[in-house]
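Only one structure is covered here, and it is reproduced in the block below.
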Amino acid sequence: MENKLTEQEIVRREKAQELANKGLDPYGSRFDRTHNTNTFKAEYSSFTKEELHEMENPPVVKLAGRIMTKRVKGKAGFAHIQDQYGRIQIYVKSDLVGEESYELFDKADLGDIIGVEGHPMITNTGELSIKVIKYTHLVKALHPLPDKFHGLVDVEERYRRRYVDLIMNEDSKNTLILRSKIISSMRRYLDNLGYLEVETPILHPILGGANARPFITHHNTLDMPFYLRIAPELYLKRLIVGGLDCVYEIGRLFRNEGMDPTHNPEFTTIELYLAYSDLEGMMDLCEDLICSIATENLGTTVIPFGEKTINLTKGWRRAHMVDLIKEETGINFFEVPDYETAKKLALEHGIKVEAHDYGFGHIVNLFFEHYCEEKIIQPTFVYGHPIEVSPLTKKDPKDPRFTQRFELFIDSREYANAYTELNDPIDQKERFENQLKEKELGNDEATEMDIDFVESLEYGMPPTGGIGIGIDRLVMLLTNSQSIRDVLLFPHMKNRGK
RNA sequence: GACCCGCUAGCUCAGUCGGUAGAGCAUUUGACUUUUAAUCAAAGGGUCAGGCGUUCAAGUCGCCUGCGGGUCACCA
């Protein structure tokens, strides 16, 4: 399998062997650090060169990291070592570490991992550094690092070898660290409000909670097929029936569909349910949650995104889908009387109507997608989705053709989807039946009947608001990333041919 | 799935009209005890993604395949 080794790789293997011959483990052992680059800089950056130089008992620090640059000048040299937090320069002098250790430093390659013990110092050029008194070679890197100046640029390699990307590209590292911090902020926000984080099954016997093509797998002992979940919704609502009044789940969903800069086959969402709330409650929560996360992690709610500036400051527009269509086309669907009239309008506007688009609401939805989505840049809650495309949502009591649902759009993309939850078991059963009808008409993403879920509603589910937020897209927005792959540690790639 | 673009040394990139493959970093050897893209001198390193074709001659032109990126379609 392994290709022929390059000259550099052979040399490094020989160097590893030389270390072993000296009794040094080329893949060394525990090294107790007193500082990392961050705590070291925090502790010593306020000192002057003279203060550090003239200390009678200079402090002794121990740090470890990967050699990223190296400048040897005869019997002394400099290097930068890098840990999770950044880089620090080390100054290694033969007089101080001894000739044997100095030779180890001299032979060390970029990419090797070392530990140093020494004193804080400031160089003639003013850089806070470590004057090494004890040098420990920890790990030999057999493979050379990319160009120290240009880093790893090739997109394919950055995704396939994310570890190299993390070593070489600070932007990638910062983005992926920020992802963790954003999710952590989200948990903290909800935990402070008393929400309970729960875990529901990922293997689902019945497809439900969203419209999407699933991954299908098989359990041997039960000898039955399972779907990887496309949404956790129906399980979380069972918990609301069960009396857990405010729950959320952060986790992976799986949809067997196309991949592009905003879609990955597995992606992360948060779904959240709050008993005795409703759609407006979810709008308020969503706005406050995202603003809090932005403020906590970026210090602002006005953020750059590609060529645009997105203003997340609270007070987002709330608009009915029908009103937005009217703004763009002049058509007022509140006054369109029936399906036939709506369909005629669609055909006049060159909108393709499929066999399973059999209802008035399907047409309304097609108009929205065709004319409105791309126009929405700043955060907008679009509410009032048609009943046909919202099988789990409570009807609008004033106009039962529409539901109490919203989607949050920013820069033409959907970020969140929320409902006043449908808690009428008889209505819910009919909605499922309509989904089955769509399936027969060729909508292979229609949901399946979940009779156990209907029965749970028969026990009584409190009036409830629920919301799902796409975390990958939110992280993209807050890190100004243009591809979902930039916010995934290990994006999926096709196997390389031989 | 369709179309467009890309693939040259470990990495980043040049490569003109089709005429024996280039640089910087990295590597090796030598010099250098405060450098920082260290510097100076010398050297080694290539299945030009893979294949087929056109041609006296292909990194370069054509076709096929692979992988990647983008756009569209799909994904409410």
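Note on naming: letters A, B, ... go to the chains in the order of the sequence lines (proteins, then strands), and numbering restarts at 1 for each one.
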* Distance, C1' atom - from B:A49 to B:C7, rounded to whole angstrom -> 6 Å
* Asked: Knowing that exactly one of A:Arg317, A:Met282, A:Glu280, A:Glu287 qualifies, which makes a side chain to side chain contact (heavy atoms under 4.5 Å, CB included) with A:Phe381?
  -> A:Glu287
* Separation of A:His143 atom NE2 from B:C11 atom C1', in whole Å? -> 9 Å
* Calculate the interatomic distance between A:Leu366 atom CG and B:A73 atom C1'; express it in whole Å. => 15 Å
* A:His349: ring-ring contact (aromatic ring centres under 6.0 Å, His included) partners, not counting sequence neighbours -> A:Phe367, A:Tyr371
* Between B:C32, B:C75, B:U12, which nucleotide has the shortest distance from any of its atoms to the side chain of A:Asp154? -> B:U12
* Report the nucleotide, chosen from B:U12, B:U35, B:C67, that has the shortest atom-to-atom distance to any side-chain atom of A:Leu152. => B:U12
* With sugar-phosphate meaning primed atoms plus P, OP1 and OP2, does A:Arg87 contact a base, only sugar-phosphate, or nothing at under 4.0 Å between heavy atoms? -> nothing
* **A:Tyr358 six-ring centre to A:Lys437 NZ/CZ under 6.0 Å and within 45° of normal** => yes
* List the protein contact pattern of nucleotides 41-49 of chain B with one symbol per nucleotide (5' to 3'): B for base contact, S for sugar-phosphate-only contact, - for none; contact means a heavy-atom distance under 4.0 Å. => ---BS----
* Asked: Pick from A:Ile10, A:Val11, A:Leu142: which one makes a side chain to side chain contact (heavy atoms under 4.5 Å, CB included) with A:Leu5?
  -> A:Ile10
* Asked: What pattern of brackets, bars and dots sums up RNA chain B from 5' to 3', given Watson-Crick or G-U wobble pairs under 3.5 Å, [ ] for crossing pairs and | for another strand?
  -> (((((((..((((.....[..)))).(((((.......))))).....(((((..]....))))))))))))....
* Asked: Nearest to the side chain of A:Gln89 - B:U28, B:U35, B:U34?
  -> B:U35
* Check: A:Glu438/A:Asn434 side-chain N/O donor and acceptor closer than 3.5 Å -> no
* When all nucleic acid strands are considered with a 4.0 Å heavy-atom cut-off, which category describes A:Glu127: base, sugar-phosphate, or nothing? -> base
* Structure fact -> Contacts of A:Glu233 meeting salt bridge (Lys or Arg N to Asp or Glu O under 4.0 Å) (sequence neighbours excluded), chain-then-number -> A:Lys237
* Nucleotide nearest A:Val153 when distance is taken to its side chain, options B:A26, B:U33, B:U12 -> B:U12
* ring-ring contact (aromatic ring centres under 6.0 Å, His included) against A:Tyr91, all qualifying residues, sequence neighbours excluded -> A:Phe78
* Selected nucleotide, minimal atom distance to A:Tyr91 side chain, candidates B:U27, B:U33, B:G10 -> B:U33
Which atom pairs link the protein and nucleotides 21-25 of chain B when you take only N or O atoms and keep those under 3.5 Å?
| residue | atom | partner | partner atom | Å |
| --- | --- | --- | --- | --- |
| B:G24 | N2 | A:Asp147 | OD2 | 2.6 |
| B:C25 | O3' | A:Lys148 | NZ | 3.4 |

* Looking at every strand, decide which applies to A:Phe368 at a 4.0 Å heavy-atom threshold: base, sugar-phosphate, or nothing. => nothing
* Asked: Can you find a side chain N or O atom of A:Arg160 that sits less than 4.0 Å from OP1 or OP2 on B:G68?
  -> yes
* Structure fact -> Judged by whether its glycosidic angle lies within 90° of 0, B:C25 is anti
* To do: Could you check whether A:His385 gets within reach of a base, just the sugar-phosphate, or nothing at all, counting any heavy atom under 4.0 Å?
  => nothing
* Would you classify A:Met168 as touching base, sugar-phosphate or nothing, given that sugar-phosphate means primed atoms plus P, OP1 and OP2, and contacts are heavy atoms under 4.0 Å? => nothing
* Structure fact -> The nucleotide from B:C67, B:C32, B:U27 with an atom nearest the side chain of A:Lys73 is B:C32
* **Under 4.0 angstrom between A:Lys15 side-chain N/O and B:U28 OP1 or OP2** => yes
* Looking at residues at least two apart in the chain, or sitting in another chain, which of them share a salt bridge (Lys or Arg N to Asp or Glu O under 4.0 Å) with A:Glu157? -> A:Arg161, A:Arg496
* To do: Would you please test A:Lys394 and A:Asp427 for salt bridge (charged side-chain N to carboxylate O under 4.0 Å, His left out) and show each step?
  => CA-CA 9 Å; A:Lys394 199 163 192 149; A:Asp427 190 357; over 6 Å; no
* Can you see which heavy atom on A:Ala16 is nearest to which on A:Tyr27, and at what distance? => CB-OH, 4.4 Å
* Tell me, which of residues 93-102 of chain A have any heavy atom that sits under 4.0 Å from an atom in RNA chain B? -> A:Lys93, A:Asp95
* To do: Look at the side chain of A:Asn417 and the backbone N and O of A:Ile467, then say whether any donor-acceptor pair between them is shorter than 3.5 Å.
  => no
Using atom types as modelled, flag every donor-acceptor pair under 3.5 Å from a side chain in residues 49-59 of chain A to any protein atom, sequence neighbours excluded.
| residue | atom | partner | partner atom | Å |
| --- | --- | --- | --- | --- |
| A:Lys49 | NZ | A:Asn124 | OD1 | 2.6 |
| A:Glu51 | OE1 | A:Thr48 | N | 2.9 |

* Asked: Whole-Å distance between B:C75 C1' and A:Asp472 CG?
  -> 15 Å
* Contacts to RNA chain B from residues 36-72 of chain A, heavy-atom cutoff under 4.0 Å, which residues? -> A:Arg71, A:Val72
* Nearest-Å distance for atom pair NZ/C1', residues A:Lys352 and B:C72 -> 13 Å
* **With A:His204, the ring pair (Phe, Tyr, Trp, His ring centres under 6.0 Å) member among A:Phe226, A:Phe215, A:Tyr235** => A:Tyr235
Donor-acceptor contacts, no H, no angles, side chain residues 67-74 of chain A, under 3.5 Å, sequence neighbours left out:
| residue | atom | partner | partner atom | Å |
| --- | --- | --- | --- | --- |
| A:Thr69 | OG1 | A:Arg71 | NH1 | 3.2 |
| A:Thr69 | OG1 | A:His80 | N | 3.2 |
| A:Thr69 | OG1 | A:His80 | ND1 | 3.0 |
| A:Lys70 | NZ | A:Phe105 | O | 3.3 |
| A:Lys70 | NZ | A:Asp106 | O | 2.9 |
| A:Lys70 | NZ | A:Ala108 | O | 2.9 |
| A:Arg71 | NH2 | A:Gln89 | OE1 | 2.8 |

* Asked: In whole angstrom, what separates A:Leu5's CG from B:U27's C1'?
  -> 14 Å
* Base, sugar-phosphate alone, or nothing: which one does A:Gly77 contact when heavy atoms must sit under 4.0 Å apart? -> nothing
* Asked: A:Asp260 CG to B:U71 P: how many Å, rounded?
  -> 8 Å
* Asked: If we ignore angles and hydrogens, is there a donor and acceptor under 3.5 Å between the side chains of A:Glu266 and A:His492?
  -> yes
* Nucleotide nearest A:Pro261 when distance is taken to its side chain, options B:U34, B:U33, B:G70 -> B:G70
* **Candidate list A:His385, A:Gln404, A:Arg405, test side-chain hydrogen bond (donor to acceptor under 3.5 Å, both in side chains), partner A:Ser390, passing option** => A:Arg405
* Please identify each residue that fulfils ring-ring contact (aromatic ring centres under 6.0 Å, His included) with A:Phe334, with sequence neighbours left out. => A:His320, A:Phe402
* Once you round it to whole Å, what is the distance between P of B:C74 and NE2 of A:His370? -> 10 Å
* Asked: When the distance from OH of A:Tyr159 to C1' of B:G6 is rounded to whole Å, what number comes out?
  -> 15 Å
* Step by step, work out the salt bridge (charged side-chain N to carboxylate O under 4.0 Å, His left out) result for A:Lys140 and A:Asp109. => CA-CA 8 Å; A:Lys140 187 74 206 164; A:Asp109 288 304; 2.8 Å; yes
